[in-house]
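What follows is one structure encoded as structure tokens, with my remarks underneath.
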Amino acid sequence: MMQNFFLTFLVVLVATLSKADAWGWGECPQPGADAQYSEECYKATEPPYFVCKNMTPDEWVEKALESYPRCCGEDLSECKCPVKDDWFFKNKIDGYCAKVNICREPSSTESLVTSVEDARFLRG
């Protein structure tokens with residue numbers, strides 16, 4: 001009797017775990033060769049799988065950048081998050097804002113191009 005129960009439980013467990021994608025466990029899409037943002041930016045802003053599975057990497061970065069002015073800083077009155085006044089939100093938002101800030105800073109490649117263009121301009 002106990003073996004039958006254990007075997008049934010094991011079959012259900014394996015069937016459930018094999019459908020992990022349906023439960024929201026998986027990997028987010030990765031940025032392509034034509035990525036608009038740095039690799040660090042994509043990694044820093046990657047949402048949970050159940051959010052990113054229906055978005056492109058550029059879309060999730062843009063959503064993060066869009067929410068940055070509203071939800072990062074002292075004034076959260078414009079933040080649309082329904083739990084913005086709860087302690088766990090306030091406990092996590094500073095770390096999230098620091099990660100999104102990575103996307104706001106120019107990457108080393110972009111700053112190099114700007115420097116070269118600046119040098120050409122200065123030389124006349």
Side-chain angles (χ1 to χ4, degrees):
M1 178 73 173
M2 189 63 158
Q3 280 181 325
N4 228 3
F5 173 77
F6 181 74
L7 185 58
T8 304
F9 174 76
L10 188 59
V11 168
V12 170
L13 180 65
V14 168
T16 302
L17 291 178
S18 68
K19 302 287 185 199
D21 186 47
W23 290 91
W25 301 328
E27 291 186 22
C28 292
Q30 297 303 306
D34 60 342
Q36 294 180 17
Y37 301 96
S38 68
E39 184 178 340
E40 295 83 22
C41 174
Y42 289 112
K43 286 182 182 178
T45 59
E46 186 174 333
Y49 178 69
F50 69 89
V51 174
C52 73
K53 70 181 181 178
N54 297 319
M55 301 172 77
T56 66
D58 289 334
E59 288 173 334
W60 79 61
V61 170
E62 288 162 10
K63 289 287 185 187
L65 289 171
E66 177 189 324
S67 69
Y68 185 90
R70 293 190 314 267
C71 299
C72 296
E74 296 298 318
D75 181 17
L76 299 178
S77 61
E78 297 294 317
C79 185
K80 297 177 183 178
C81 183
V83 295
K84 68 182 179 186
D85 296 320
D86 293 343
W87 65 271
F88 58 87
F89 176 85
K90 292 177 180 178
N91 208 23
K92 296 279 186 182
I93 195 66
D94 288 337
Y96 173 77
C97 291
K99 289 178 180 179
V100 175
N101 200 37
I102 292 170
C103 300
R104 295 171 43 122
E105 297 171 355
S107 69
S108 58
T109 307
E110 290 171 355
S111 62
L112 177 62
V113 170
T114 303
S115 301
V116 170
E117 289 173 1
D118 289 344
R120 281 192 208 133
F121 175 75
L122 292 174
R123 282 189 230 153

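Residue numbers start at 1 and run along the sequence shown.
The nearest pair of heavy atoms linking Ser77 to Asp75 is OG-OD1, 2.8 Å. Closest of all the heavy-atom pairs between Pro29 and Trp60 is O-CH2, 3.1 Å. The minimum heavy-atom distance linking Cys28 with Tyr49 is given by the pair N-CD1, 4.0 Å. Heavy atoms only, all atoms of each residue included: Ile102 and Ala44 are closest at CD1-CB, 4.0 Å. Between Lys84 and Leu76, the shortest heavy-atom distance links the atoms NZ-O, 3.1 Å. Minimum interatomic distance between Val100 and Ala64 (heavy atoms only, all atoms of both residues): CG1-O, 3.7 Å.
Taking a 6.0 Å sphere around CD of Glu78, one finds it holds 12 or fewer heavy atoms contributed by other residues, nucleotides or ligands.
Distance check: Glu27 CD to Glu46 CD gives 8.5 Å after rounding to the nearest 0.5 Å. Once rounded to the nearest 0.5 Å, the distance linking CZ of Arg104 with CG of Leu65 reads 7.5 Å. In this structure, Lys90 NZ and Asp85 CG are separated by 5.5 Å, a value rounded to the nearest 0.5 Å. With values rounded to the nearest 0.5 angstrom, Asn101 atom CG is found 8.0 Å from Cys72 atom SG.
Residues meeting the disulfide (SG to SG under 2.5 Å) test with Cys81, sequence neighbours left out: none. Listed by chain and number, the residues in a side chain to side chain donor-acceptor pair (under 3.5 Å) with Ser67 amount to none (sequence neighbours excluded). By the side chain to side chain donor-acceptor pair (under 3.5 Å) test, Lys43 pairs with Glu39, sequence neighbours left out.
Contact check for Phe89 versus Cys79: side-chain heavy atoms found under the 4.5 Å cut-off.
Cysteines Cys97 and Cys71 are not disulfide-linked, with SG atoms at least 2.5 angstrom from each other.
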_Worked verdict on Glu62 versus Tyr37 for side chain to side chain contact (heavy atoms under 4.5 Å, CB included)_ = CA-CA 10 Å; Glu62 288 162 10; Tyr37 301 96; 3.5 Å; yes
*Go through the steps to decide whether Gln36 and Tyr42 satisfy the test side chain to side chain contact (heavy atoms under 4.5 Å, CB included), and finish with yes or no.*
CA-CA 10 Å; Gln36 294 180 17; Tyr42 289 112; 4.3 Å; yes
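The closest side-chain donor-acceptor pair between Asp58 and Thr56, if any, does not fall under 3.5 angstrom.
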